[in-house]
Visitor: 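Right, I'll just put the structure down here and ask away after.
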2 protein chains.
Amino acid sequence: MSVNEQDFLAAYDPHAYPAVAVTVDIVALTIRDGALHLLLIRRGEQPHAGLWALPGGFVRPDEDLVAAARRELAEETGLDGEPLRRVHVEQLASYGAPDRDPRMRIVSIAHLAFAPDLPDATAGTDADEAVWVPVAELTNRQLAFDHGQIVADGLERARAKLEYTPLATRFLAPEFTIGELRAVYETVWGHQLHAGNFHRKVLSVPGFVESTGASTERGGTRGGPRARLYRAGDARLLHPALLRPAREETVR
Amino acid sequence: MSVNEQDFLAAYDPHAYPAVAVTVDIVALTIRDGALHLLLIRRGEQPHAGLWALPGGFVRPDEDLVAAARRELAEETGLDGEPLRRVHVEQLASYGAPDRDPRMRIVSIAHLAFAPDLPDATAGTDADEAVWVPVAELTNRQLAFDHGQIVADGLERARAKLEYTPLATRFLAPEFTIGELRAVYETVWGHQLHAGNFHRKVLSVPGFVESTGASTERGGTRGGPRARLYRAGDARLLHPALLRPAREETVR
DNA sequence: CTAATAGTGTCTCTGAGACACTATTGT
DNA sequence: ACAATAGTGTCTCAGAGACACTATTAG
C-alpha cells in the first residue's frame, strides 16, 4: 500500500483504520536522601490492578507530545509554574508492541524527566497513589505492562546523558556546589568518584558550570570549608565528556 | 484525568477518543558513488503533491513498530530475504505536533536505516517514484510535512552513532577493507580522516572488526598494495569511541 | 618508472586517574 | 584536637593526531 493511497483513505475516514490509542508515559527521576528515585503510580483498576506503573495518559487532540508528558507530570506531582519549568523533559522512545496492553492497541511515547528534589507532592488530580520510589527497590517490584523495560531504557539513557550533557544540574537547585554535583553523578551512576579529579574536570569543561562568586553559608555537616557556589553554564554538550568508569565489560 | 479512568474508558470504546493515526517514516541511508544518499518518494497526491517525502505508512493492527518500518522499506526498495536482513533499522524518534499533517492527527514513529549500496531498486509495490537522493542536494529541496526536521535528526543520529557503535559496517558488504570503512566515516561525517591513524585506531578497538585472513584480489584502481579483508566483530559498542574531529564549536 | 594506497613507527600533546597535600570548617 | 571536606599540585599512562617512512600494486 502506498503512502499516498493510505493518506487518501485516511483523509476521508479516520475511523476506517483500526483504532490506535496514543499515550505518553513518563520516567521521572529525582534524587532524594542521596538515592535515585522514580515516580510511580499504583494502579487501582484491571488489568494489573495493584501493580505499580509509570505516570502517563492519553495525548489530547491539540497537544504536542512533550506537552502531554509535562501535563501528566504536573498532575501527578502537583508542580506548576517555575518549579515545573525547571524540570527537564525529553522524549525517550516509543513502545508499540501489539500486545503490550491487553485491551487495545496502544502506542506509548515514553518521556524522560529530570527533576530537582521535590516536596512530597504525591497528590494528583485523582485518587491514585503516586510515590517516589527508590530505584534500588525496583528489582523486587514487578511493574505493569512493559513499564519495566521502559524504566530500564530510561535509566540507561539517563546514565548516558550525564556523560555528554550538563543535565546533572537539573537534579539540583539553581545554585549548587561541585560536591553536590558530584553526588548526583555518584548516585545516578552508582559509582564513587574521586572528589579532587571530579572537581578539576568539571571546571575544565567549557560552559558546564559558572561561578556565582558566592559560597555556602556553612561547611559540611561534619566539618570542612565552605564550598563555592556555581550555576549551570551555557553548554548544551560537554566536551570533553565525563566518561563513566568501569566500562571494561561493555556489551558484546 | 487519571490513568485508570482513561484506561477504563478506552477499554469500553476505543473510538470514543479522537482519532489518532500512527505511522512509521523511514530515514534510509546508504552510500553510493562515495556520497551519502537518502531514500525519498515523490508525492503524487495533495497535500504536498510533487514534493519529496520520506517512505512510510500506517502501522498495521498486529505489527510491531520496527516491523512496520522494515515492511515499508522492503516495499519501496524491493528488498527481501538476506539483503533485507542485513539492513540495520532502529527507532529514531516520534513526531506528533498536532498540525504536522493538515488532514488529521498523525503521530509518526520515525526510524533510521543503514543499508549497503543497493541495486537501483526504485520499484515499490505502487506507482510512486522512489529514488536515492544525495544528501548534499537536500539543502535545496523542500520536503513534505516535517520530514526536513526528521531527516536532520536522522543524519545527526547517524553521525553520532558512528562514533560509539560499529554500525558503519552496515553500509558495507559482509567483507570489507579498512580503507572502505574509512570511506564510510569520511562520507557520513563529511571530513577527511588520516588513513594511517584511522587504520591503527580501528584495529585497536576490541571487537570492532576481525580479520578474514584474505586480501583483495587487486590493489586500488590507481595502484597500491592489496588490502586485507575484515568482517564486523562482535562488539555492540566501540570502546574507546572514534570521536568526530572539529568538535570545537559544539552547540552552546 | 610513477603515482597511489596499505600499513607501521614514532613523537607530541591532551586528558583521565592515582595520590599527596594544604586549608578551612563543624563538632 | 579531630575528622571531614574543598580545592590544588603532580605524576603516570592511555589515546588522539601529526608526520615520516616502507612496501606493494596499477597503469
Side-chain angles (χ1 to χ4, degrees), chain A residues 34 162-164 172 175-186 189 191-206 208-230 237-248 250, chain B residues 34 162-164 172 175-186 189 191-206 208-230 237-248 250:
Chain A
L162 291 208
E163 291 191 306
Y164 60 95
L172 298 171
E175 299 198 351
F176 51 85
T177 68
I178 302 296
E180 287 164 348
L181 185 61
R182 177 167 47 84
V184 171
Y185 276 90
E186 291 178 335
W189 284 351
H191 279 98
Q192 290 285 110
L193 299 177
H194 188 283
N197 289 340
F198 181 87
H199 192 104
R200 190 169 349 97
K201 170 72 182 173
V202 165
L203 295 186
S204 78
V205 176
F208 191 1
V209 299
E210 59 185 31
S211 175
T212 68
S215 293
T216 53
E217 292 293 320
R218 291 178 44 85
T221 50
R222 285 162 303 212
R226 294 183 299 180
R228 292 172 214 160
L229 286 169
Y230 298 84
L237 293 173
L238 305 184
H239 190 68
L242 284 83
L243 296 182
R244 276 176 280 183
R247 304 237 291 173
E248 311 302 319
T250 43
Chain B
L162 290 208
E163 290 191 307
Y164 59 94
L172 298 171
E175 299 198 352
F176 51 85
T177 68
I178 302 295
E180 288 164 347
L181 186 61
R182 176 167 47 84
V184 171
Y185 276 90
E186 291 179 334
W189 284 351
H191 279 98
Q192 289 285 110
L193 299 176
H194 187 284
N197 289 340
F198 181 87
H199 192 105
R200 191 169 347 98
K201 170 71 182 174
V202 165
L203 295 186
S204 78
V205 176
F208 191 0
V209 298
E210 59 186 31
S211 174
T212 67
S215 294
T216 53
E217 292 294 320
R218 292 177 46 83
T221 49
R222 286 163 301 212
R226 295 183 298 180
R228 291 172 215 161
L229 286 168
Y230 297 84
L237 293 173
L238 303 184
H239 189 69
L242 282 84
L243 297 181
R244 274 175 282 183
R247 305 238 291 172
E248 310 302 319
T250 43

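Scope of the values below: all heavy atoms of this structure, side chains included, with no hydrogens, waters or symmetry mates. Sequence lines set the chain letters: A, B, ... in the order given, protein chains first and strands last, and positions in each chain run from 1.
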Visitor: Over all heavy atoms of both residues, which pair between T177(A) and A227(A) is shortest? Give the atoms and the distance, please.
Guide: CG2-CB, 3.7 Å
Visitor: For Y230(B) together with F176(B), are the ring centres under 6.0 Å from each other?
Guide: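 Not under 6.0 Å, so no.
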Visitor: Should L242(A) and F198(A) count as side-chain neighbours, where that means a heavy-atom distance under 4.5 Å?
Guide: yes
Visitor: Rounded to whole Å, how long is the line connecting atom CZ of F176(B) with atom P of dA6(C)?
Guide: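 In whole Å, dA6(C) P lies 14 Å from F176(B) CZ.
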Visitor: Measure the distance from CG on L193(B) to P on dG17(D) and round it to the nearest whole Å.
Guide: 9 Å
Visitor: Nearest heavy atom decides the nucleotide; on that basis, is P225(A) or S204(A) closer to the 5' end of DNA chain C?
Guide: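 Nearest nucleotide further toward 5': that of S204(A).
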Visitor: Taking all atoms of both residues into account, what is the closest heavy-atom pair of E186(B) and L193(B), and its distance?
Guide: OE2-N, 2.9 Å
Visitor: In whole Å, I'd like the distance from the NE2 atom of H191(A) to the P atom of dG17(C).
Guide: 11 Å
Visitor: May I ask you to verify if any side-chain N or O of R218(B) is less than 4.0 angstrom from the OP1 or OP2 atom of dT25(D)?
Guide: no
Visitor: Can you measure from CZ (R226(A)) to CZ (R218(A)) and round to the nearest 0.5 angstrom?
Guide: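 If we round to the nearest 0.5 Å, R226(A):CZ and R218(A):CZ are 10.5 Å apart.
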Visitor: Rounded to the Å, how far apart are L238(B) CG and dA16(D) C1'?
Guide: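 For the pair L238(B) CG and dA16(D) C1', the rounded distance is 15 Å.
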Visitor: To the nearest 0.5 Å, tell me how far I178(B) CD1 sits from K201(B) NZ.
Guide: 13.0 Å
Visitor: When you match L242(B) and E217(B) each to their closest nucleotide on DNA chain D, which lands nearer the 5' end?
Guide: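 It is L242(B), whose closest nucleotide lies nearer the 5' terminus.
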Visitor: Which is true for T221(A) with a 4.0 Å heavy-atom rule: it touches a base, it touches only sugar-phosphate, or it touches nothing?
Guide: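 Sugar-phosphate contact only.
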Visitor: List the protein contact pattern of nucleotides 7-15 of chain C with one symbol per nucleotide (5' to 3'): B for base contact, S for sugar-phosphate-only contact, - for none; contact means a heavy-atom distance under 4.0 Å.
Guide: SBBB-----
Visitor: Provide, to the nearest angstrom, the distance between the CG atom belonging to L243(A) and the C1' atom belonging to dC13(D).
Guide: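 These atoms are roughly 16 Å apart.
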